[in-house]
Trainee: 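First, the structure itself, so that you have it in front of you.
This one's a predicted model, so the numbers in the text were calculated from it and none came from an experiment. A note on names: the letters A, B, ... follow the listed sequences, proteins ahead of strands, and every chain is numbered from 1.
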Amino acid sequence: MAIIFQLENVSVSFDKHAIVQRSLKHALSGWLRRHNRTTFYALSKVSVAIHEGDHVGLIGRNGAGKSTLLRVLTKVITPQEGSVSLCADRHIAPLLELGLGFHPDLSGRENCFLAGALMGYSATEIHRKMDGIIRFAELEEFIDEPVKNYSSGMFGRLAFALATDIEPEVLLVDEVFGVGDEFFMRKCVVRMQRLMQAGITTVFVSHNVDFLVAQCNRMIWLDKGHVVMDGPPREVAAAYRSAEGSLA
Amino acid sequence: MDVTSRRFLWLYAKSQLKLKYRDTYLGFVWNFVEPALYLGMLSVIFSAVNRMNMHDYTVFLFGALIPWRYFESAVSGATESIVGGGWLLKKMYVSPLVFPLIRWLVASLEFLFSFTVVLLLLIFMKDHWTVHLCILPLSILPWAMLSLGVGLICAVFFSFFRDVRPIVNMVMMFTFFSSPILFKIDFFDSHTLQAFLLKFHPMTYFAFLFQKPIYYASWPSMRDWGITFGISAAVVIIGCYLVHKFQGRYYFYL
């Protein structure tokens, strides 16, 4: 099966005291005195291969490096060390935050074109999908209103509908399921399951371990930037719960 | 630049323009009112300083002041653009080139509008117009390239050092007052140090591209074209190179 993402010895580090380091004074004194930088590793020597059709769940405590790993996969972060290879001919749709690219003063319809472009879709494609997006988001009456007038539920529904109506080949999702009311959430899960059954590759980040166990066929447990375990969801979830639970 | 970034660039630039003028009663007309007022005030004051007839001076001032204001607004907008685009650059992959380009595109469109309107108005202020005016579309090109290039360079440096903002403002102010935009090149006697230094001031040649066809009724010389196109092309190349070189590092400084 084709490899979609291949990460080898990937490390991502951040400088501590980053605010001070943005000043010219700090840069000049750094050149003159060569003071030591303190760095924090968000990911440390991570090697992972994700294949076509994999449904990967990323779990771990806060600050474990889950979102950083997702950002490396979406090319948002270029790691300082290691290599990342992506399957260039696949359409990858990142869903790191609902409503990303939305402008509050633009209407729901205008925002679909703008955010759709960010997900790699042309205006013609979005135009064709528009009716389906409006119907799924249940926003028939409000689609031409500025999104700043939307309730948070309406906003989330439109963003989710847009991200999933366009049927990508690879979907990367970062904890975005708390959208809308109970009924809408159920609709979202059904849609995600349909996409997964259609054979797309998915990578989920979530703290809802039960959801990931139910939906994924592989689970990766991260801790302090390291891969602790990579395997079948039930086994990884059990190990994660017993290890983290014993710390409590 | 990849297809996604290109698509986003057009749509976002379009929406920025739409939003900027959607809620204003006069919309795009403000682009003409503001420079016209600025031009009017400077004409009244500096025609006296330069001991020139006010009509005559307004036409002279118009020559380089309008493209200078375009340059200033494009560079000023682009400087903070990559940092300002952090909301997206931290969440989704788009080329960092997109944000300075959007600012530059918006400033360029506004300039084209205000320039055309002010040019039409000045027809009433000058006694006779000459064929040399037809070169003006070409004169815009080095200014546009310079604005883009300097904007890109400033945007890159501002991402890493926030001190760059006041430095850019000061350099712009110095360049403006030291260049023959407000005063004529023959304001200083030819044997003075000031006249000598002005020959080495790049802005002198950029100003000539507009002043010569509009005020002096002559064509810009090959030397003017050579220097301006040379400088602006070099600046664009350096700007694109810098944006590309640090592509993977912006995330850590946003």
Trainee: What part of B/Val94 gets within 4.5 angstrom of chain A, counting heavy atoms only: side chain, backbone, both, or neither?
Mentor: side chain
Trainee: Side chain from CB out, backbone as N, CA, C, O: work out which of these in A/Ser67 comes under 4.5 Å of a heavy atom of chain B, or both, or neither.
Mentor: neither
Trainee: Crowded around B/Phe157 CZ? As in, over 12 foreign heavy atoms under 6.0 Å?
Mentor: no
Trainee: If you round to the nearest 0.5 Å, how far is OH of B/Tyr93 from CG of A/Leu86?
Mentor: 10.5 Å
Trainee: Step by step, would you call B/Phe8 with A/Leu118 a side-chain contact (heavy atoms from CB on, under 4.5 Å)?
Mentor: CA-CA 6 Å; B/Phe8 177 72; A/Leu118 280 174; 3.6 Å; yes
Trainee: If you count heavy-atom pairs under 4.5 Å with chain A, which of B/Leu11, B/Leu19, B/Asp2 comes out on top?
Mentor: B/Leu19
Trainee: Inspect the surroundings of OH in B/Tyr241 and state if more than 12 heavy atoms from other residues, nucleotides or ligands are less than 6.0 Å away.
Mentor: no
Trainee: Against chain A, label B/Tyr251 side chain, backbone, both or neither, depending on which of its atoms sit under 4.5 Å from a heavy atom there.
Mentor: side chain
Trainee: Which heavy atom of B/Ser15 sits nearest to which heavy atom of A/Leu106, and what is that distance?
Mentor: CB-CD1, 3.6 Å
Trainee: If you round to the nearest 0.5 Å, how far is CZ of A/Arg71 from CE of B/Met92?
Mentor: 10.5 Å
Trainee: Which atoms of B/Lys14 come close to chain A, meaning under 4.5 Å heavy atom to heavy atom: side chain ones, backbone ones, both, or neither?
Mentor: neither
Trainee: What's the verdict on side-chain contact (heavy atoms from CB on, under 4.5 Å) for B/Phe252 and A/Thr78, showing C-alpha distance, side-chain angles and the deciding distance?
Mentor: CA-CA 10 Å; B/Phe252 302 98; A/Thr78 311; 5.9 Å; no
Trainee: Measuring heavy-atom distances to chain A, does B/Trp10 have an atom under 4.5 Å in its side chain, in its backbone, in both, or in neither?
Mentor: neither
Trainee: Which residue out of B/Lys90, B/Arg7, B/Gln247, B/Lys18 racks up the most heavy-atom pairs below 4.5 Å with chain A?
Mentor: B/Arg7
Trainee: For B/Val171, what residues pass the side chain to side chain contact (heavy atoms under 4.5 Å, CB included) criterion, not counting sequence neighbours?
Mentor: B/Ile167, B/Thr175
Trainee: Is it the case that more than 12 heavy atoms not belonging to A/Glu141 sit under 6.0 Å from its CD atom?
Mentor: no
Trainee: Which of residues 42-51 of chain A get closer than 4.5 angstrom to chain B, counting heavy atoms alone?
Mentor: none
Trainee: So which residue, A/Pro79, A/Pro94, A/Ala117, A/Ser13, ends up with the most heavy-atom pairs under 4.5 Å with chain B?
Mentor: A/Ala117
Trainee: For A/His207, does the NE2 atom have more than 12 heavy-atom neighbours from other residues, nucleotides or ligands under 6.0 Å away?
Mentor: yes
